[in-house]
Every structure is written in structure tokens, then in C-alpha cells.
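Here the structure is laid out as C-alpha cells; the discussion comes afterwards.
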Amino acid sequence: MSDFEFFFSFYGLLLGLSVAEVAQGFSRTLRSRRRLRIGWLTPLLGVVVMLDISSFWVLAWLNFRDFQINELALFFGLGIALAYYLAASVVFPADLGEWTDLDDYYDGHKRWVVGGMVVANVIAVGYSLGRAVAAGAGAPDLLPSAALLIFFFGMLGLIFAVRSRRANRWLLGVLLLAQFFVAVIGGLTRIMGPTA
């Protein structure tokens, strides 16, 4: 087993549990739909969280296949995965019987979810920047990623701060479309390969 396979089995398992938490929340919510007003906010946040987790999974596969395993790498991986797991476990209520409207739940819990996503992304960015600097990557190599990160963190900051449900629906929708667009473009780029 290579260092990467060892790391990825640990990291992937923890990220998989995070996805399972959100998927289980969707499942419980669908079963409770007759007595619970679902709304848009919590389901949109759940999809945003799952797409962000899946992007981390892909980025780990693409960017860390050559690294040497060490305690620091495991520590950063654990920090990212735990932040995601905690965020994912708060997307939907643990006891749906305590709520009649998921938009009310969203209002009281979105900051925990967004905060967990921010923590996971800050840890990952810090680790990636450290690796890039150590490898001698220059500023031009980091600019496209920096623009995406500024957009992503800006959107999360707005979702964290804005109280209007309508504005939150729009912000989550824009973030969801941006995540989908980046995934499609990234996937097509990798499929088609570099152009001459």
C-alpha cells in the first residue's frame, strides 16, 4: 500500500461519513414531508455541502498522489474531515419531530454548517499553499485558484451574515451553480487534456 493509498483510505472514509450524514438527513426529511414544511434553504445547503465535500475528494485524489505520509498530513486531513463531518451532521435536525419548518431550523443552524465549511477550506488552503510554496510554485500558478477561493469564501461569508431567507435562497443557488460549473469545467478539462 502506497502512502497515498493509506492516507486516502483514512481521509476518504471520513469524508464518506460526512456525505452519508447529509444523505441520511435528506432521507429522514423525505419520510417526514407530510408533517414538516421542508422549504428550500436546508435542502440547498445540504447539496452545497455534498458538492463541496466531493470537490475535496477529487482534489485530494488529483493533488496528493505523490506525497509522503507523515503526522502533519494526517493531522490536516483529520482536521478537514472532522470539520466537514461536524458541518454535515448539523445540516438537518437530529430530531425532525422538534421542528415543523426546516427554514426555521436553517435560520438557527446555518452558521454552524457554514463555519465548518470555512474551517475545512481554510485548513486545506493552508496546507495546499504550504505544499505549493515548498514546491516553488509561483504566484501565476495560484491566481486562478485564488479567484475561485475569494468567490467561494465571499459567498460563504454572505450566507453566514445575511438573514433574509430570500437572499439566502439566491446565494445558495448561485453557489450551487458555481460549484456545478467548476465541476463540469474541471471534468471536461481533465477529459480533453491540455490543448496545444
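The line from CG of L175 to CG of L171 is 8.5 Å long, rounded to the nearest 0.5 Å. In this structure, CG in L96 is found 6.5 Å from CG in L102, a value given to the nearest 0.5 Å. Distance NZ/K110 to CG/L41: 8.5 Å, rounded to 0.5 Å.
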Intermediate values then yes/no, side chain to side chain contact (heavy atoms under 4.5 Å, CB included), F75 and E71: CA-CA 6 Å; F75 175 73; E71 290 82 6; 6.0 Å; no
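Residues passing the side-chain hydrogen bond (donor to acceptor under 3.5 Å, both in side chains) test with S27, sequence neighbours excluded: R31. With sequence neighbours excluded, the residues that form a side chain to side chain contact (heavy atoms under 4.5 Å, CB included) with L44 are W40, L172, L176. Applying the side chain to side chain contact (heavy atoms under 4.5 Å, CB included) rule to A23 yields no partners; only residues at least two apart in sequence or on another chain are considered. Considering only residues two or more places apart in sequence or on other chains, E21 meets the side-chain hydrogen bond (donor to acceptor under 3.5 Å, both in side chains) condition with Y85. With sequence neighbours left out, F26 forms a ring pair (Phe, Tyr, Trp, His ring centres under 6.0 Å) with F92. In this view, V182 and L148 satisfy the side chain to side chain contact (heavy atoms under 4.5 Å, CB included) rule, not counting sequence neighbours. With sequence neighbours excluded, the residues satisfying side-chain hydrogen bond (donor to acceptor under 3.5 Å, both in side chains) with R37 are D101, D103.
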Please output the side-chain donor-acceptor pairs of residues 113-122 that fall under 3.5 Å, not counting sequence neighbours, one pair per line with the distance.
| unit_1 | atom_1 | unit_2 | atom_2 | d |
| --- | --- | --- | --- | --- |
| N121 | ND2 | D52 | OD2 | 3.1 |
| N121 | ND2 | Y84 | OH | 3.4 |
| N121 | ND2 | M117 | O | 2.7 |

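Contact between Y105 and V90 at its shortest, heavy atoms only, is OH-O, 2.6 Å. Here the shortest heavy-atom pairing between S18 and I53 reads CB-CD1, 3.6 Å. Here the closest heavy-atom approach between residue V22 and residue G46 is recorded as CG1-O, 3.6 Å.
Clustering ILVMFWY residues whenever any of their side-chain heavy atoms sit less than 4.5 angstrom apart, transitively, puts F76 in the very cluster that holds L14.
Residue pairs satisfying the ring-ring contact (aromatic ring centres under 6.0 Å, His included) criterion with at least one member in residues 165-187, sequence neighbours excluded, are absent. Among residue pairs with one or both ends in residues 151-179, those qualifying as salt bridge (charged side-chain N to carboxylate O under 4.0 Å, His left out) are D104-R165, D107-R165; sequence neighbours excluded.
In this structure, the side chains of I38 and S32 stay at 4.5 Å or more apart for every pair of heavy atoms.
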